[in-house]
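All chains are named by letter (A, B, ...) in the order of the sequence lines, taking the proteins before the strands, and each is independently numbered beginning at 1. Computation of the quantities below employed the complete heavy-atom set of this structure, encompassing side-chain atoms and omitting hydrogens, waters and symmetry-equivalent molecules.
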There are 2 protein chains.
Amino acid sequence: MIENEDLCQVKFVNQSTVGRLRKSLKDPQTIERLAEIFGVLADPTRLKICIFLSQAELCVCDLAAMLNISESAISHQLRLLRSLRLVKFRRDGKMAFYALDDAHVTALIKQGMEHAEERAK
Amino acid sequence: MIENEDLCQVKFVNQSTVGRLRKSLKDPQTIERLAEIFGVLADPTRLKICIFLSQAELCVCDLAAMLNISESAISHQLRLLRSLRLVKFRRDGKMAFYALDDAHVTALIKQGMEHAEERAK
DNA sequence: ATAACATATGAGCAGATGTTCATACGTTGA
DNA sequence: TCAACGTATGAACATCTGCTCATATGTTAT
């Protein structure tokens, strides 16, 4: 018996299953990045921003108006999205236009929507 | 000009686009639920729990051992997953066996993994 | 130049979140 | 009946998070 200290004494789930699953888990960095992406979409404000930016290129003040939130708050969120390279942006004079730059995010939102819509809760 | 107070004066994005996007946004409850699911997967511990439970039925102590975390912490997280009806569980004597009970979550993890794995960052 | 404007950013704050610790509950075997 | 065990849960705590407010930066028009 190896590495068995923490496993409960009565074992129904066979040990090989536990060992197999343990090994199949991706490395910590990948898990971290995965959690990170989900974290981006876990905030309603940021989620809405991503939804909008997946459909059109928009400026900060448009987003602020659409979400009924301060431009500062939007700018902070966009800064986060920029740091994760999830959006691309383009300056045109005073304005800054943002758009989503990660197809996976769009796919995640679409996928998640199926879950969200089928729940009356 | 209707509902134009907050939109910036210089408009390049035409107003109809903003209006159209605004209307296309799902209702607040759906957005909330969507953000909620992503929130579940936004924590590394909970994410790993979901990954494991999508592959096998496991008890609390197995999860605790696999994730190298206290059984209490696992139990708290499982409580959350239960409240969101994302897991089903079955008692057998002293043990409690959990398994994932939402196919969408599995799909989300799979989808997200594609994003996470293609980033060296 | 300077005023108005769109955006960016740092500090600070309130609320949310995840873990630990102590303890309780229900089951099993002696 | 009682001790050991697996699990559950409430409270407390430290950390994280998202917003606001004040202020800064860069651009445009006068």
Side-chain angles (χ1 to χ4, degrees), chain A residues 4-13 18 31-32 35-50 53 57-84 87-99, chain B residues 4-13 18 31-32 35-50 53 57-84 87 89-98:
Chain A
N4 203 15
E5 338 79 44
D6 290 328
L7 278 63
C8 55
Q9 302 175 332
V10 186
K11 289 298 305 166
F12 292 111
V13 173
V18 171
I31 295 293
E32 203 67 44
E36 188 180 65
I37 299 297
F38 287 130
V40 167
L41 303 173
D43 174 65
T45 299
R46 221 156 36 219
L47 177 57
K48 287 179 220 163
I49 291 175
C50 289
L53 292 184
E57 188 186 47
L58 295 165
C59 64
V60 175
C61 65
D62 281 348
L63 284 168
M66 291 164 84
L67 300 185
N68 208 34
I69 205 177
S70 79
E71 288 159 20
S72 175
I74 294 287
S75 192
H76 276 293
Q77 298 293 10
L78 288 173
R79 177 180 161 80
L80 209 195
L81 296 176
R82 238 185 303 140
S83 78
L84 296 175
V87 296
K88 53 187 167 190
F89 85 116
R90 166 176 77 83
R91 284 209 84 113
D92 187 357
K94 292 186 273 189
M95 321 285 287
F97 290 92
Y98 287 81
Chain B
N4 204 15
E5 340 80 43
D6 290 327
L7 278 62
C8 54
Q9 302 173 333
V10 185
K11 289 297 304 166
F12 294 111
V13 174
V18 171
I31 295 293
E32 203 67 44
E36 187 179 66
I37 298 298
F38 287 129
V40 168
L41 302 173
D43 174 65
T45 299
R46 221 155 38 219
L47 177 56
K48 288 179 219 164
I49 291 174
C50 288
L53 293 184
E57 189 186 47
L58 295 165
C59 64
V60 175
C61 64
D62 282 347
L63 284 168
M66 292 164 84
L67 301 186
N68 206 34
I69 205 178
S70 78
E71 287 160 21
S72 176
I74 294 287
S75 192
H76 275 293
Q77 297 293 12
L78 288 172
R79 179 179 160 81
L80 209 194
L81 295 176
R82 236 186 305 142
S83 77
L84 296 174
V87 295
F89 85 117
R90 167 176 76 82
R91 284 208 84 114
D92 187 358
K94 292 186 270 188
M95 320 284 289
F97 289 92
Y98 287 82

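Distances shown here put a side-chain N or O of A:Arg79 below 4.0 Å from the OP1 or OP2 atom of C:dG10. Side-chain nitrogen and oxygen atoms of B:Ser70 include none within less than 4.0 Å of the OP1 or OP2 phosphate oxygen of C:dT19. Here A:Tyr98 reaches the OP1 or OP2 of C:dA8: one of its side-chain N or O atoms lies under 4.0 Å away. Look at B:Gln77 and you won't find any side-chain N or O under 4.0 angstrom from OP1 or OP2 of C:dT17.
Between the P atom of D:dA8 and the CG atom of B:Leu80 lies a distance of 14 Å, rounded to the nearest Å. The interatomic distance linking B:Met95 (CE) with D:dC5 (C1') rounds to 10 Å, in whole Å. Rounded to whole Å, the distance from CD1 on B:Ile74 to C1' on C:dT19 is 11 Å. Rounded to a whole Å, the CD1 atom of A:Ile49 is 11 Å from the P atom of D:dG18. The separation between B:Arg90 atom CZ and C:dG26 atom P is 20 Å, rounded to whole Å. Here D:dT28 presents its P atom at 8 Å from CG of A:Asp92, a figure rounded to the nearest Å. Atom CG of A:Leu84 and atom P of D:dT17 are 11 Å apart (whole Å). Between the CD atom of A:Glu71 and the P atom of C:dT7 there is a distance of 6 Å, given to the nearest Å.
Relative to the side chain of B:Ser75, the nucleotides C:dT7, D:dT28, D:dA8 differ in distance, and D:dA8 lies closest. The side chain of B:Cys59 has D:dT7 as its nearest neighbour among D:dT20, C:dA6, D:dT7.
Between A:Lys88 and A:Glu57 there is no salt bridge, since no side-chain N of the basic residue sits under 4.0 Å from a carboxylate O of the acidic one.
Considering only heavy atoms from C-beta on, B:Tyr98 comes within 4.5 Å of B:Val60 through its side chain.
One donor-acceptor pair, N or O on each side, does fall under 3.5 Å between the base of C:dT9 and the side chain of A:Ser72.
Within 4.0 Å (heavy atoms only), B:Ala96 reaches sugar-phosphate atoms of the nucleic acid but no base atom. As judged by a 4.0 angstrom heavy-atom cut-off over every strand, B:Leu78 is placed among residues making no nucleic acid contact.
Checking side-chain atoms of A:Arg46 against main-chain N and O of A:Val40 turns up a donor-acceptor pair under 3.5 Å.
Across the interface with DNA chain D, nearest-nucleotide mapping of A:Ala42 and A:Arg91 shows A:Ala42 to be the residue nearer the 5′ end. Closest-nucleotide positions on DNA chain D for A:Gly93 and A:His76 were compared, and the one nearer the 5' end corresponds to A:His76.
Of the residues listed (B:Ile74, B:Leu53, B:Ile49), the one engaging B:Leu58 in a side chain to side chain contact (heavy atoms under 4.5 Å, CB included) is B:Leu53, and it is the only one.
With a 6.0 Å cutoff to the six-membered ring centre and a 45° limit on the axis angle, B:Arg82 counts as a cation-pi contact of B:Phe89.
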